[in-house]
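The structure appears right after this line, and notes come after that.
Everything numeric in this text was worked out from a predicted model, so none of it was measured.
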Amino acid sequence: MKKILLGLLLAAAAVPVNATDVYAGTRKAWLEKAEALKPQLTTTEVKPMCLVTPVRDASAYQGWRFEKSAEMSSYYSQSMKNNPSVIVDFGRHMTGYYSFTLTTTFRAQDAPVRIKFTFGEVPAELNTPFDPFPGTLSRAWLQDEVVTVMQVDREITIDRRMACRYVKIELLGASPDFDFAMTDMRFKALSSAPDVAMPELASTTSQRISDIQRVSVETLRECMQTVYEDGPKRDRRLWIGDVYLESIANAYSFKNHDLTKRCLYLLAALAAEDGRLHANVFETPEPHPQYGSHCLDYSLLYTLALQEYTKATGDISTARDLWQVCRRQVEDALSYVDQETMLFNPQKKGDGLWLFFDWKAGMNPTTAMQGLLIAVLNSNYDFAKTLGYEADVKEWRTIARKLATAARTHLYDSKRGVFVSGSDKQVSQMSQIWMTLSGVMNKKEAQRALRYVMSHDDVVGLGAPYAHHYLVEALLRCGMNKEARQHVETYWGGMVDKHADTFWEVYVPEDEYLSPYNFHPINSYCHAWSCTPVYFIQKYPDIFQR
C-alpha cells in the first residue's frame, strides 16, 4: 500500500502545472517587499596609490606582476603627452565609478582629447590583448572604454560601473597646439555591506587563516550591491547558487539579513508561472528574470537559503510567506524520479534539464543530484514542521529513505567504497560530496569515499571555488576536520599566495589560464561563490582558529 501511495505522489509531482500563474495572488506583494528592502549603497572615495610597470614573471599568477614605478604626484605634475601610456594602482579591489580631471597647462584647448581606459582586477588582465577576441561571452564585458573629452578643466566620470584594482590609461589623440595634464583621479567605491567590525579571531588564529578571512570578507563586500551579485565585473545579476553561499557568509560577517530577505523575495516574485524559479534575475530597467533559465540544483538550494535565513533571524513570517516556493521546487525535482528504481533520471521528461554543480568538463551530476534531493527532502521536512506545515510534506521523509536505499542499491561500488554516476559509472568528488551531505553514507563510509576521491588521479575532481565549498562542508560533516582546515588553507590560501585581493570565479592551481569562456581575462576575479571561508572560520572556531 505504501509503495502505491509513493507512486501516486511521484506521479502527481510529474503532472504539469496548469497554465495559470501559481503565484498570482502573491507575486505583486513579494515584489513590493523586495523593493522596500532595496538598500542604499554606501560610498567610499578611493584615490590611486602609485604608477606601476608590468613585469613578466613565470612564478606570478598568469605570468604577470606589477612593480611600483612612480608616485602619483610625479604623474600629475607632467604633461600627459610625456606619459602617453601608464598603469595606475589603487591598492585594493573596488566596485563603482571612476573619475578624472584634465587641466590645461599650455595655451587653450583647440581640439578634443581622446583617451582609452582599461580596468583590470589582476595584472594579466591588462597585459593580455583583448582582440581578436576568442571568448564565448560578449566582448563588451571586457572593461575597456574610449573617452573623447570635448572640454578639459573639469571632472569627468565614466558612466559605466567598473570592478577593478588597476587602470591602464592610454592617450590616443590630442592637438599639438595646447597641452594638459591629468591632475586628479578617484574612484567612488560602492557596497551595501554595512560598516561594521568583523567578528574577532582568537589570538591563536594563524596568520594564514587571518589572511584568508580578510580576502573572503572583501570578496563578499564587493559582491554585496543592491542584491547579492555573482560578480561585480561580469554578469552583475542575482543567481540562486550565489544567494545561498553569500547569505551564509553574510550571517557570520556583515549580518545584513535584509539583503538576503530582499533576494529571496525577488527570486520568488520573478518565478515562472508554473512556480519554478529562474536561476538568475536582473534588477534593471525593471526587475525581470533570465527567461527560461531553470537550474534544478540551484532551485533546491533556494530552499536551503530560506532555511538558513530563518535560523539566523528567527523570521518565521517570511519563511511561511515563501514556503509554497520551497514546496514547488521540491515537487519539480521529484517529477524526475523514476518510480520503479527510485533514482533521479535527468532524461525522464526530455526537457533539456540543466544541472550545474560545478564548472568541471565531463562531470556527470546525476548521483550528486540524487544526494542533493535526499538532503533537501529531509531538511525541508524538518523546516515544514517548524512552520506548522507538516501536512504538506508528510511523505517526504519516506521518499528520502527510498531514494537513499536506491542509491545504495544501484549506485554504490562497495569494493572501492564510492558512489558512481551515469551509464559509464563515473567516480567523481562531487558524487561523494553530496552522498555525504545527504547522510546516505555513515561517517566511516564517507571518510573512506572522500579519501579515495581526494587521493586518486583517475576520478573527476572539482573546478570552481563553488564546488570546493561543498567539499569542505562534506569533510566537516563526516568529522574530517583536519582535512577541512587543510583544504581551506591550501585552496583559498593558494589564491592569497598569488596576491588575490578578492577570491576568483575559477581557480584550478595546475591551470591558471583555465576559463569556462575560452579567454581568461573575461573570468571574474571577484566572485560571490568564492567568499565562504569566513563562514567556516567563524562557524567552526575550534577547527580554524586554534
Query raised in the report: Can a salt bridge be assigned to the pair K33 and D321 using a cut-off of 4.0 Å between side-chain N and carboxylate O?
Result: yes
**Report entry** Closest heavy-atom pair and its distance - Y302, A268
**Finding:** OH-CB, 3.8 Å
Report task. Start with the C-alpha distance between D392 and W323, add both sets of side-chain angles, then the distance that settles side chain to side chain contact (heavy atoms under 4.5 Å, CB included), and finish with yes or no. Result -> CA-CA 10 Å; D392 289 358; W323 165 249; 3.0 Å; yes
Query raised in the report: Closest approach of F356 and M363, non-hydrogen atoms and distance?
Result: O-CE, 3.8 Å
Query - Pairing of E229 and R237 as salt bridge, 4.0 angstrom limit - result: no
Query raised in the report: What heavy-atom pair brings L437 and A375 nearest, and what distance separates the two atoms?
Result: O-CB, 4.1 Å
**Report entry** Ring centre gap for F357 and Y470 strictly below 6.0 Å
**Finding:** no
Report task. For the residue pair F282 and H288, categorise the inter-ring angle as parallel (less than 30°), tilted (30 to 60°) or perpendicular (more than 60°). Result -> parallel
Query raised in the report: How are the rings of Y517 and W359 set to each other: parallel, tilted or perpendicular (split at 30° and 60°)?
Result: perpendicular
Query raised in the report: Is the number of heavy atoms from other residues, nucleotides or ligands under 6.0 Å of H499 NE2 greater than 12?
Result: no
Report summary line: Output for pair (W529 CH2, D242 CG), nearest 0.5 Å, gives 7.0 Å
Requested in this report: Test E145 against R160 for salt bridge (Lys or Arg N to Asp or Glu O under 4.0 Å), laying out the working first.
Outcome: CA-CA 9 Å; E145 296 287 325; R160 177 180 172 185; 2.9 Å; yes
Query raised in the report: Shortest non-hydrogen contact from Q151 to I156?
Result: O-CD1, 4.3 Å
Query raised in the report: For the side chain of D235 and the backbone of G231, is there at least one donor-acceptor N/O pair under 3.5 Å apart?
Result: no
Query raised in the report: Do the charged groups of D230 and R236 touch, with an N to O distance under 4.0 Å?
Result: no
Query raised in the report: Would you call R262-E283 a salt bridge at under 4.0 Å N-O?
Result: yes
Query raised in the report: Got more than 12 heavy atoms from elsewhere within 6.0 Å of NZ, K188?
Result: no
Query raised in the report: Hey, is K233 close enough to E121 for a salt bridge, meaning N to O under 4.0 Å?
Result: yes
Query raised in the report: So, R485 and D542, do they make that salt bridge, N to O below 4.0 Å?
Result: no
Report task. For the residue pair H468 and Y491, categorise the inter-ring angle as parallel (less than 30°), tilted (30 to 60°) or perpendicular (more than 60°). Result -> parallel
Requested in this report: Take the angle between the ring planes of Y507 and W504 and call it parallel below 30°, perpendicular above 60°, tilted in between.
Outcome: perpendicular
Report task. Tell me, yes or no, whether the heavy-atom count around D131 atom CG, taken from other residues, nucleotides or ligands under 6.0 Å, exceeds 12. Result -> yes
Query raised in the report: Hey, is D211 close enough to R208 for a salt bridge, meaning N to O under 4.0 Å?
Result: no
Query raised in the report: Ion pair present between R161 and E222, side-chain N to carboxylate O less than 4.0 angstrom?
Result: no
Query raised in the report: Is R92 paired with D501 through a side-chain N to carboxylate O contact shorter than 4.0 Å?
Result: no
Report task. For Y61 and D497, test the side chains for any donor-to-acceptor distance below 3.5 angstrom and give the result as yes or no. Result -> no
Report summary line: The residue among I240, L238, N256 that forms side chain to side chain contact (heavy atoms under 4.5 Å, CB included) with Y228 is L238
Query raised in the report: Is the number of heavy atoms from other residues, nucleotides or ligands under 6.0 Å of E45 CD greater than 12?
Result: yes
Query - Over 12 non-hydrogen atoms of neighbours within 6.0 angstrom of CZ in R139 - result: yes
Query raised in the report: In Å and rounded to the nearest 0.5 Å, what is the NE2 to OG1 distance from H93 to T502?
Result: 4.0 Å
Report summary line: Tightest non-hydrogen contact, residues D315 and Y309, listed as OD2-OH, 2.6 Å
